[in-house]
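Beneath this line is the structure, given in structure tokens, with notes to follow.
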Amino acid sequence: MSGSHEPLVFSGMQPTGNLHLGNYLGAIRNWLKLQQQYRCVYCVVDMHAITVDHDPKALAQATREVTAAYIASGIDPKTSIIFNQSQVAAHAELAWIFNCVARVGWLNRMTQFKEKAGKNREAMSVGLYTYPVLMAADILAYRATHVPVGDDQKQHVELARDIAQKFNNDFGVPDFFPAPEPIITGPATRVMSLRDGTAKMSKSDPSDNSRINLTDDADTIAQKFKRAKTDPHPLPEAEEELAARPEADNLISIYAAFAEKAKQAVLDEFKGAQFSTFKGALSELVVAKLSPIASEMRRLLADPAEIDRILRDGAEKARATAAPVMAEVRRVVGFVS
Ligand code: AQP
């Protein structure tokens, strides 16, 4: 537990396109378990989404879709706070203050920026560069102590810890912000592309065949698994043998996550099987788990006004939670009010 701070869980997802199986297994599914135990704040991070080129209409639609995915997956807006980031000004305000706390050297080490910018670094938005600072503000505006994320976000949560610590030290307010801990659990914390076992499954991959979207129908899911890249060997007996077979490892991990079994238990069942047999069983399992979510998402999206009402209600609760923290932050920093 983080110092004297009351436990609070914060996490978010970008409305940048189709949510996929990686977002679900790496993040949303773990959020459900946490909402039974802790106060939870689950955000649709629309301000992060504009760090890359975007279409305003598509952003609004994607914001509603992500909200629908949260609720359809089992996040209860009566228990957890669900809202979109742009509606709570504390995120932008604290991000500015943290921009003045974080060091350029720290941001230069962020691997996600390097991956997203590639050779085009100079042409990227300043927002994409300072993305992890906004993420630190998202977390710390609520003094969140736990952040359930996929493996790719670990470095960003560590940066939030560094920013919290430096703020506390610089302003002589020990324990003002907690050191938030990443929660990265389950057998599928980094789901890989179905076309390349060494690349992360991602919303922004131009190939739709690289991912299973939460809204894909049964046929599409079966087709995508059928076409998924594999190697020519049958499934191995021991988990260690998966280390050199990234595509096999990925498919076994997805099965293990949905079946709630260890990877070795899945291999005990399928050792020696051809991929064609295993892929059939995998499709069936994934369809059984995802189709109720997809149909609930469709039901919710038929009433966008209700989704907007849930977001407004959540934003009001989020503002009320962040307000006392921000009042103290302004005083600590020396802003006259
Ligand atoms: N492939 C993945 N495996 C496990 N977890 C994943 N997450 C993302 N991809 C995987 C987790 O999902 C949460 C939300 O991610 P995000 O929307 O903030 O953006 P991202 O991490 O950049 O995800 P994408 O899908 O790759 O989006 P784009 O392509 O738009 O950048 C996070 O907890 C993340 O760890």
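Both ligands and their constituent atoms are indexed starting at 1 by order of listing. Keep in mind that what you see is a predicted model, and the values were worked out from it rather than measured.
For ligand 1, none of its N or O atoms has an N or O atom of Ala188 under 3.5 Å away. Considering backbone and side-chain N/O atoms, Asp152 comes within less than 3.5 Å of an N/O atom of ligand 1. For ligand 1, the polar-atom distance check against Val191 finds a nitrogen or oxygen pair separated by under 3.5 Å. Residue-to-ligand polar distances keep Ala27 apart from ligand 1: every N/O pair is separated by 3.5 Å or more. Polar contact check, Asp151 against ligand 1: no nitrogen or oxygen pair lies under 3.5 Å apart.
For ligand 1, the atoms closer than 4.0 angstrom to any heavy atom of Gly26 are 4 (C), 5 (N). Less than 4.0 angstrom separates some heavy atom of Thr189 from each of these atoms of ligand 1: 3 (N), 4 (C), 5 (N). Taking every non-hydrogen atom of Met201 and a distance limit under 4.0 Å, the qualifying atoms of ligand 1 come out as 1 (N), 2 (C), 9 (N). In summary, the atoms of ligand 1 found under 4.0 Å from a heavy atom of Thr16, numbered by their order in the structure, are 30 (O).
Residue Val44 is not grouped with residue Met135 when hydrophobic side chains (ILVMFWY) are merged at heavy-atom distances under 4.5 angstrom, including chains of intermediate members.
Between the side chain of Arg319 and the backbone N or O of Gln87, at least one donor-acceptor pair lies under 3.5 Å.
Remark: minimum distance from atom 19 (O) of ligand 1 to any protein heavy atom is reached at Gln14 NE2, 3.2 Å. Ranking protein heavy atoms by distance to atom 25 (O) of ligand 1, first place goes to His20 NE2, 2.7 Å. In terms of protein heavy atoms, atom 33 (O) of ligand 1 is closest to Gly150 N, 3.2 Å. Shortest contact from atom 7 (N) of ligand 1 to any protein heavy atom: Asn23 ND2, 3.7 Å. Here the heavy atom of the protein found nearest to atom 5 (N) of ligand 1 is Gly22 O, 3.1 Å. Nearest non-hydrogen protein atom to atom 26 (O) of ligand 1 is Lys200 NZ, 2.8 Å. Atom 13 (C) of ligand 1 has its closest protein heavy atom at Met13 CE, 3.6 Å. What sits closest to atom 16 (P) of ligand 1 on the protein, heavy atoms only, is Lys203 NZ, 3.6 Å.
Ring orientation note: the planes of Phe177 and Phe167 are nearly perpendicular, at an angle over 60° on the 30°/60° scale. Between Phe10 and His91, the two ring planes are tilted [angle within 30° to 60°]. Using a 30° and 60° split on the angle between ring planes, His48 and Tyr131 fall in the tilted class, from 30° to 60°. Phe270 and Tyr255 have perpendicular rings, their planes meeting at more than 60° on a 0 to 90° scale where under 30° would count as parallel.
Taking the charged nitrogens against the carboxylate oxygens, Lys263 and Asp249 do have a contact shorter than 4.0 Å, which makes a salt bridge. A salt bridge links Lys317 to Asp313: one of the charged nitrogens lies within less than 4.0 Å of a carboxylate oxygen. Classification of Arg143 and Glu328 as a salt-bridged pair holds, one side-chain N sitting under 4.0 Å from a carboxylate O.
Atom 32 (C) of ligand 1 has its nearest heavy-atom neighbour, among His156, Gln153, His48, in Gln153.
Contacts of Val45 with ligand 1, taken as heavy-atom pairs under 4.0 Å, are absent altogether.
Atom CZ of Arg195 has more than 12 neighbouring heavy atoms from other residues, nucleotides or ligands inside a 6.0 Å radius.
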Please walk me through it: do Lys224 and Asp208 pass side chain to side chain contact (heavy atoms under 4.5 Å, CB included)? CA-CA 9 Å; Lys224 284 181 176 175; Asp208 195 54; 3.0 Å; yes
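In this structure, Lys116 is part of the shell of residues with a heavy atom less than 4.0 angstrom from ligand 1.
Applying the under-4.5 Å side-chain rule to Ile, Leu, Val, Met, Phe, Trp and Tyr, the cluster around Leu134 extends to Met47.
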